[in-house]
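The residues of the chain are indexed from 1 along the displayed sequence.
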Amino acid sequence: MTEPRVDRFSGLVGREDELALLDRVLQDARKSRGGTVCVTGEPGIGKTRLAGEAITLAREAGMTVLKGRCIATGPAVPYRSLTEALLSLARAGGAPPTDALGPYLPVLGRLVPEWAIGDACDRSPIVLAEAVVRLAAACGRERGCLLVIDDLHDADLETLAVLEYLAANLALLPVAVVATLRDTPGAAHSLADTLAQRGEAGLLRLGRLGAAQVHALTANRLGCPPDELPVAVSDQVLADSSGIPFTAAELIRGMRAEGRLVRTEGRWRLVGVSRAAIPFTLVRAVEQRAERLGPQTLRLLSAAAVLGRSFPLSVARRCAAPDDHEPAVSLRSAVVDGLLVPDDERGPDWYAFEHPLTQEALLDRLTPTDRAELATRAVAAMNELDPSLPGTWCLLAARLHGQAGDRRTAAVRYLEVARRALAGHGPGTAIAALHEARSALGPVDGSDVHLPDDAVPAGVRRELLETLLLALADDGRLDRATEVARQLRRADVEADPGRRVELHVRLAWAAQVAGQWDVGLEQVRAARELLPEGAGARDTAGIDVVEAFLMVSTAEQGRIGRSEQLARRAIEGAEQRGDHALACQAWYAMGFATRGRSLAESDRCFRRTLRMAAESRQVSWHNHGLIGLGSNAWLAEADLDGLHHAHQEAMRTGCVSLAHNVGAMLALDAVLRADFDRATALLEGSRAETERLQLHSVSRYALMVGAVAAAHRARRPQLRAALARFRTSGGNESREAPLVLGLAELFCALLEEDHEQAAELAARLAAAVPPDEENYFHLAGSHGLVLLLSVLAGRADWAEVERITASQAGRMRWNRQFVGLARAVLYGREGRPAEAVAAFRAAQADAVIFPTARHLGLRLVADAAGTDGWGAVRDWLTEAETYFHHSGADAVAAACRSRLRSLGAPVGQRRTGTDRIPAELVALGVTLREYDVFCLLVERVGNKAVAARLQISPRTVEKHIASLIGKTNSATRAQLCDFVADFLAAR
């Protein structure tokens, strides 16, 4: 039998296969094949020591190591272990890689204060998870990065959410994650199993040591070669420890201290009788170690055990021995003996038990009465030291009150923990704290409203339930929050109506974010029913502003006007309250609602949003205001400066979702400008990320842009696929549906010369979005393209054109190009060619930055202009044919050629491959075969060589060269070769 290996870390024995697996994971990470491993097993099995060995291997390979530990005193501090891991990087002087993090740097400022840039506003846990992914990837750019999360079973829910996200997104990154957790039921264990089932993480279960391994471990602890250790010694250790390494180590230490294990004549041997099996042996071993340190140290350790695995020393001292004049001696003894270790990450006052089994063993020796007494004294000590109970002290106090039997005060403390977590944007932590309160104190969810008199008072129980509802709403668990709201009404029908109004408003916001607008409006109605008769703007402000946002997404007639009315009243109420955040929301909603009527008024509202947000340091709403102004400038004149600035600010301040939102708008602009490469880069760069971050509204908008891009290139198969993805995402019921109908489906039908389908789509669009409605999206077509088609079909006259021209939407640049063409057509019909040409030129000036739309306009008005005798129809059709041929819109290109032939204009033959000819040469009239000759002249070869390459006659080559000399204004063949060389070099 092979002798078990004793690894570098004392006591780590017999884990060769496990170490090899972790080493492979680290090697893969260094090759940008990241992965996650969850090391599981019972307490004391060696999980942390194995993770420590992985850290050593990583450091030896030059990898960046980030390590954090979860603590049993949580979940009062969301992301505690991640904060510890990142702080270790900051303490080491590691500057955050700003180039790689971009907008995620201020998001990480939530965990590392040195990296904060003002008040980062994107509080989504998923966004934070992406920030951790990017940081780890950047840190591992050169040699890989290892992130270790120890004791995951004690993690808060936010940390578990981040780990789940990490595991799903490391496949192509230089990052390895190792998490250790107990193999017992719980949220962490469920997550580990789920990740393993998905194939996103490996499960490494550590089993107990066998006889040979325990023998090697015992020899290692005693400092002798394994062959010099009697098997009887290790057999006794195995029998008492059951192969658990920590227990074995403690027993060996205890056996030596008791004199049961002695060294005589150079060999170790057992004396005396054996003890019973664990857990008593472990409890006794730990107890004996503590007793040897003296009664004062034992009292200190007992008090510490009641406080938890990690504890504030100042509290433990007052609780255990308030009259101890030499507390440092007791502490130093416990540290030297290895029972306690400083918890440097939590501060100089914090210590922790070296192993959780030590704390559990000390706790087991206490009677329930002892525990209750120590808990009472600990609470008193905490209140004396700091009545505000900062940080994790509050949760610790709640638990201690529960142990002491004071359920009323425990409930109040749990409530405070949950409220603090919500204020710190940790809804998952708040939910966990409230669930713990339910387990410790009895039902707080309305399932039992007849608790005995000494139980949690009804008022406190109601507040616990209300806070749970808020946490669920903030965490996006709308269905569960709605159920809790119903329980709350059953549990306490006499609750303060004002507080219930606020709960309904919070649920309405949760529904708005989730895109469930009908549910949100139901919550708004429920809130309004609770208002007293004659309630003023101050009372309704919160309801009004959320309804203003919800209204624009409904199908109700007059929804925009209603939204504006609600926003105005919300502004008044917010000002009466002095609520700056609410005022910013209301002014933004106002700017949104007034956009269709007056961009100038909308700008004023957005500027007011900006000003108020700056004064009150509302970073998110400041960015909203920038986006509003930038969007207005783009709608008015296609000016991108404002949107680019808004995008940069959103990136700088960590408003990731807003940055992606602006990026999608910039992608739409690129499509309308026919810059499809830039649009593709913008969409591809954000698609995966927006899906990972669950930015559903942004993802749906991006899907709309993808459909428009396919349509503007007349690519019907890609359009079908894009429409299917859009509809699967709920697009048909979304605010983007009119844009897909007008900018994509209608546009593509026109490029395919399917005028029957185009007429049907235009009619559907007009019915869905009447031009007199102040709609949400203003470029769908009702104020532009549909108007032009109606004028061409004789369904619209001057009255309609003037009405659209006078509207704000009709004056937006994208729409102006079509409105101008409609005016030109009507002038032409009236026999006013000069006015028609003037209107046409104005439309062309607006359309110059929208090449696809501009050339489609030329095609659409050519027949009317030719019939009415105005405009350079042949030139228009020639230009449009060339553009559409090279862009791949074959149907409309063929229609232009057909129309040119009917006008008697010469039309050149289009051969396959002509799209290879640069536009500059097309303008010179260079044919496809001439272009083939042109490209070979850069080599300055003779006619025979060119003829042989192209498999044509030298005489034909001579003719092509003569034609090229004329078309390029070259005097000689040599000058033509120079022209070719310069032209191709410039490209």
Side-chain angles (χ1 to χ4, degrees), residues 515 517-518 549-563 592-593 595-597 599 631-632 634-635 661 664-665 667-669 671-672 696-712 719-720 722-751 757-790 796 800 803-804 807-819 850 852-853 856:
W517 300 297
D518 290 341
F549 278 89
L550 288 164
M551 282 299 300
V552 296
S553 303
T554 69
E556 295 183 20
Q557 290 293 319
R559 62 188 184 276
I560 303 299
R562 171 65 175 163
S563 178
F592 210 82
R595 174 179 283 166
R597 186 180 70 251
L599 285 178
S631 299
N632 282 356
W634 178 68
L635 288 169
N661 191 36
M665 287 190 278
L668 177 61
D669 171 82
V671 170
L672 300 185
H696 302 303
S697 61
V698 180
S699 296
R700 192 167 54 238
Y701 189 94
L703 290 173
M704 176 273 295
V705 176
V708 175
H712 281 227
L719 176 59
R720 288 196 194 98
L723 290 175
R725 290 192 295 269
F726 179 75
R727 288 162 183 157
T728 301
S729 73
N732 283 353
E733 293 76 36
S734 70
R735 297 174 296 197
E736 293 84 3
L739 282 176
V740 167
L741 186 61
L743 284 179
E745 295 185 80
L746 175 57
F747 227 85
C748 192
L750 291 171
L751 293 178
Q757 184 189 24
E760 178 187 343
L761 290 168
R764 283 173 52 195
L765 186 61
V769 187
D772 57 348
E773 176 74 18
E774 298 170 2
N775 53 40
Y776 187 85
F777 286 114
H778 308 281
L779 308 185
S782 296
H783 298 84
L785 182 56
V786 173
L787 172 66
L788 173 60
L789 296 176
S790 298
E800 181 69 3
R803 188 178 66 79
I804 295 295
S807 71
Q808 179 63 75
R811 296 195 298 274
M812 294 175 181
R813 184 164 183 173
W814 172 260
N815 293 327
R816 286 202 314 259
Q817 61 180 323
F818 301 114
V819 175
F850 307 123
T852 304
L856 178 61

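Remark: the backbone N or O of Arg811 is paired with a side-chain donor or acceptor of Arg816 at under 3.5 angstrom.
Arg813 is linked by a side-chain hydrogen bond (donor to acceptor under 3.5 Å, both in side chains) to nothing, counting only residues two or more places apart in sequence or in another chain. Evaluation of the side-chain hydrogen bond (donor to acceptor under 3.5 Å, both in side chains) rule for Ser699 yields Thr690 as partners, not counting sequence neighbours. Residues satisfying the side-chain contact (heavy atoms from CB on, under 4.5 Å) criterion with Ser790, sequence neighbours excluded, are Val786, Arg795, Ala796. Not counting sequence neighbours, the partners of Ala758 by the side-chain contact (heavy atoms from CB on, under 4.5 Å) test are Leu746, Ala749, Leu750. With sequence neighbours left out, Ala702 forms a side-chain contact (heavy atoms from CB on, under 4.5 Å) with Leu683. Contacts of Glu745 classified as side-chain hydrogen bond (donor to acceptor under 3.5 Å, both in side chains), with partners at least two apart in sequence or in another chain: none. Residues satisfying the ring-ring contact (aromatic ring centres under 6.0 Å, His included) test with Phe818, not counting sequence neighbours, are Trp814. Looking at residues two or more places apart in sequence or on another chain, you find a side-chain hydrogen bond (donor to acceptor under 3.5 Å, both in side chains) between Thr852 and Tyr883.
Contact annotation: the side chain of Leu785 approaches that of Phe747 to within less than 4.5 Å [non-hydrogen atoms, C-beta and beyond]. You'll find the side chain of Phe726 stays beyond 4.5 Å of the side chain of Val705, heavy atoms only. Residues Val740 and Val708 have side chains not in contact (no heavy-atom distance under 4.5 Å, counting atoms from C-beta outward). In this structure the side chain of His783 never reaches within 4.5 angstrom of the side chain of Met812, judged on heavy atoms. The side-chain heavy atoms of Gln808 and Leu635, taken from C-beta on, include no pair separated by under 4.5 Å.
Here Leu741 contributes atom CG and Glu736 contributes atom CD; the two are 13.5 Å apart, rounded to the nearest 0.5 Å. Asn815 CG to Ser807 OG: the interatomic distance, rounded to the nearest 0.5 Å, is 8.0 Å. The CG atom of Leu743 sits 12.5 Å away from the SG atom of Cys748 when rounded to the nearest 0.5 Å. Note that CD1 of Ile804 and CG of Leu787 are 5.5 Å apart. Values are rounded to the nearest 0.5 Å. Annotation: the span from Arg727 atom CZ to Asn732 atom CG amounts to 5.5 Å, rounded to 0.5 Å.
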Practice item. Please assess Tyr701 against Leu668 for the test side chain to side chain contact (heavy atoms under 4.5 Å, CB included), listing each intermediate value before the final yes or no. Key: CA-CA 9 Å; Tyr701 189 94; Leu668 177 61; 3.4 Å; yes

Practice item. Please assess His712 against Leu672 for the test side chain to side chain contact (heavy atoms under 4.5 Å, CB included), listing each intermediate value before the final yes or no. Key: CA-CA 8 Å; His712 281 227; Leu672 300 185; 3.8 Å; yes

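Between Gly596 and His778, the shortest heavy-atom distance links the atoms CA-CE1, 3.5 Å. The shortest heavy-atom contact between Leu789 and Ala762 is CD1-CB, 4.3 Å. Across all non-hydrogen atoms, the minimal contact from Met665 to Ser631 is SD-OG, 3.6 Å. Contact record, Arg700 with Ser729: CG-OG, 3.6 Å, taken as the closest heavy-atom pair. The two atoms that bring Ala711 and Ala744 nearest to each other are CB-O, 3.1 Å, heavy atoms only.
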